Amino acid sequence: MTGRPGWNWIMVMILSTVIGFGSMRYVLGLEMVPPPLRPNFLNHQTGFIVHIALGTCALLSGPWQFVDLLRQKRPRIHRTLGWIYVLSCTIGGLAGLIIAGGSNGGPIAAVGFGSLAVLWIAFTSLALVAAIRRRFDAHRRWMIVSFALTFAGVTLRLYLPLTAIDLTRFSEIYAWIAWACWVPNLLVGLWLARRTKPVAWG
């Protein structure tokens with residue numbers, strides 16, 4: 001995106017902000033019904049809270065990384081938000097990988113969420129390395145893919161109402177959501193990354 005954010009990116013920013021802040025209710029201890037993790041899963045509570053809290057930080061900081069005016073006029077803010085984003089994705093991804101095995105959706109969901117966590121960390125790391133090496137166009141492309149996976153936190157919650165259709169099949173539906181929440185995002189992110197054009201850097 002160049003100049004001011006377009007309406008589509010404004011919608012991404014709004015959804016990221018609303019879902020991000022809305023997710024913090026779980027950090028405050030409000031119960032999720034049905035629970036996304038098996039109640040007896042070892043250390044699930046701490047890992048879940050870390051994952052949600054840092055995933056929220058990534059959702060709130062990520063969209064601003066693509067606002068060209070901020071990057072060009074306030075590069076220090078861009079870099080600060082970038083470090084917040086990278087650390088949130090990395091630590092939040094590790095927490096997500098730890099708790100994936102306790103998913104209430106069974107082995108299929110565990111593999112789905114585990115794969116998401118690994119790819120989330122990997123693409124964010126590629127974006128960081130590219131920035132350190134001052135390969136800024138590559139950095140932007142990897143950031144697009146990284147944020148597409150971060151946005152799984154939004155798409156997951158958009159799919160969750162489907163589980164209310166038949167709560168007796170929660171695990172089955174949740175196993176499907178564990179893949180549907182991020183695979184389309186990844187494909188779109190890769191497509192957008194290929195189409196992105198070089199931009200001016202501050």
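What you see is a predicted model; the values in this text were computed from it and never measured.
The side chain to side chain contact (heavy atoms under 4.5 Å, CB included) search around Ala53 returns Val27, not counting sequence neighbours. Ser23 pairs by the side-chain hydrogen bond (donor to acceptor under 3.5 Å, both in side chains) definition with Arg157, not counting sequence neighbours. Residues satisfying the side chain to side chain contact (heavy atoms under 4.5 Å, CB included) criterion with Arg194, sequence neighbours excluded, are absent altogether. Leu15 pairs by the side chain to side chain contact (heavy atoms under 4.5 Å, CB included) definition with Phe151, Val154, not counting sequence neighbours.
Listed by first and then second residue, the salt bridge (charged side-chain N to carboxylate O under 4.0 Å, His left out) pairs that reach into residues 96-115 come to none, sequence neighbours excluded. Applying the salt bridge (charged side-chain N to carboxylate O under 4.0 Å, His left out) test to pairs two or more places apart or on separate chains, none has a residue in residues 85-102. Listed by first and then second residue, the side-chain hydrogen bond (donor to acceptor under 3.5 Å, both in side chains) pairs that reach into residues 115-132 are Trp120-Thr150, Thr124-Ser146, sequence neighbours excluded. Among pairs with a residue in residues 52-65, none fulfils side-chain hydrogen bond (donor to acceptor under 3.5 Å, both in side chains), at least two apart in sequence or across chains.
Rounded to the nearest 0.5 Å, atoms NE2 (His51) and CZ (Phe113) are 8.0 Å apart. Annotation: the span from Ile84 atom CD1 to Cys89 atom SG amounts to 11.5 Å, rounded to 0.5 Å. In this structure, CG on Asn104 lies 10.5 Å from OG1 on Thr163, to the nearest 0.5 angstrom. The structure places CE of Met24 at 14.0 Å from CD1 of Ile19, a figure rounded to the nearest 0.5 Å. Taken from CG in Leu81 to CZ in Arg76, the straight-line distance is 13.0 Å, to the nearest 0.5 Å. Residue Ile144 holds its CD1 atom at 8.5 Å from CZ of Arg141, rounded to the nearest 0.5 Å.
By the 6.0 Å contact criterion, CH2 on Trp182 is enclosed, its count of non-hydrogen atoms from other residues, nucleotides or ligands being greater than 12.
Under the 4.5 Å side-chain contact rule for hydrophobic residues, Leu116 and Leu119 share a cluster. Under a hydrophobic clustering in which Ile, Leu, Val, Met, Phe, Trp and Tyr are joined whenever their side-chain heavy atoms come within less than 4.5 Å, directly or via other members, Ile91 and Tyr85 fall into different clusters. By the criterion of side-chain heavy atoms lying less than 4.5 angstrom apart, applied directly or through intervening Ile, Leu, Val, Met, Phe, Trp or Tyr residues, Val129 is not grouped with Val86; the two fall into different hydrophobic clusters. Cluster membership check: Trp83 does not share its hydrophobic cluster with Leu94, using side-chain heavy-atom separations under 4.5 Å among Ile, Leu, Val, Met, Phe, Trp and Tyr. In the hydrophobic clustering of ILVMFWY residues, with side-chain heavy atoms under 4.5 Å counting as a link, Leu149 and Leu87 come out apart.
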Could you go through the side chain to side chain contact (heavy atoms under 4.5 Å, CB included) check for Phe147 and Val12 one step at a time?
CA-CA 11 Å; Phe147 186 72; Val12 168; 3.7 Å; yes
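Connectivity analysis of hydrophobic side chains (ILVMFWY, heavy atoms under 4.5 Å, direct or indirect) links Leu97 to Val118. As a member of the Ile/Leu/Val/Met/Phe/Trp/Tyr network built from side-chain separations under 4.5 Å, Phe21 groups with Leu60.
Of the possible donor and acceptor atoms, none in the side chain of Ser103 sits under 3.5 Å from a partner among the backbone N and O of Ala100. No side-chain donor-acceptor contact under 3.5 Å links Ser16 to the backbone of Met13. Remark: the backbone N or O of Ile121 is not paired with any side-chain donor or acceptor of Thr90 at under 3.5 angstrom.
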Which pairs would a plain distance check flag for residues 172-181, meaning a side-chain donor or acceptor within less than 3.5 Å of a matching protein atom at least two apart in sequence or in another chain?
unit_1, atom_1, unit_2, atom_2, d
Glu172, OE1, Arg169, NE, 3.2
Glu172, OE2, Arg169, NH2, 2.7
Trp179, NE1, Ile108, O, 3.0

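Within the 4.5 Å cutoff, side-chain heavy atoms of Ile52 are placed close to those of Phe48.
Nearest heavy-atom pair, Ala58 versus Pro63, reported as atom, atom and distance to 0.1 Å: O-CD, 4.3 Å. Pairing each heavy atom of Gly47 with each of Ala95, the nearest pair is O-CB, 3.6 Å.
Between His78 and His139, the two ring planes are perpendicular [angle over 60°; tilted spans 30° to 60°].
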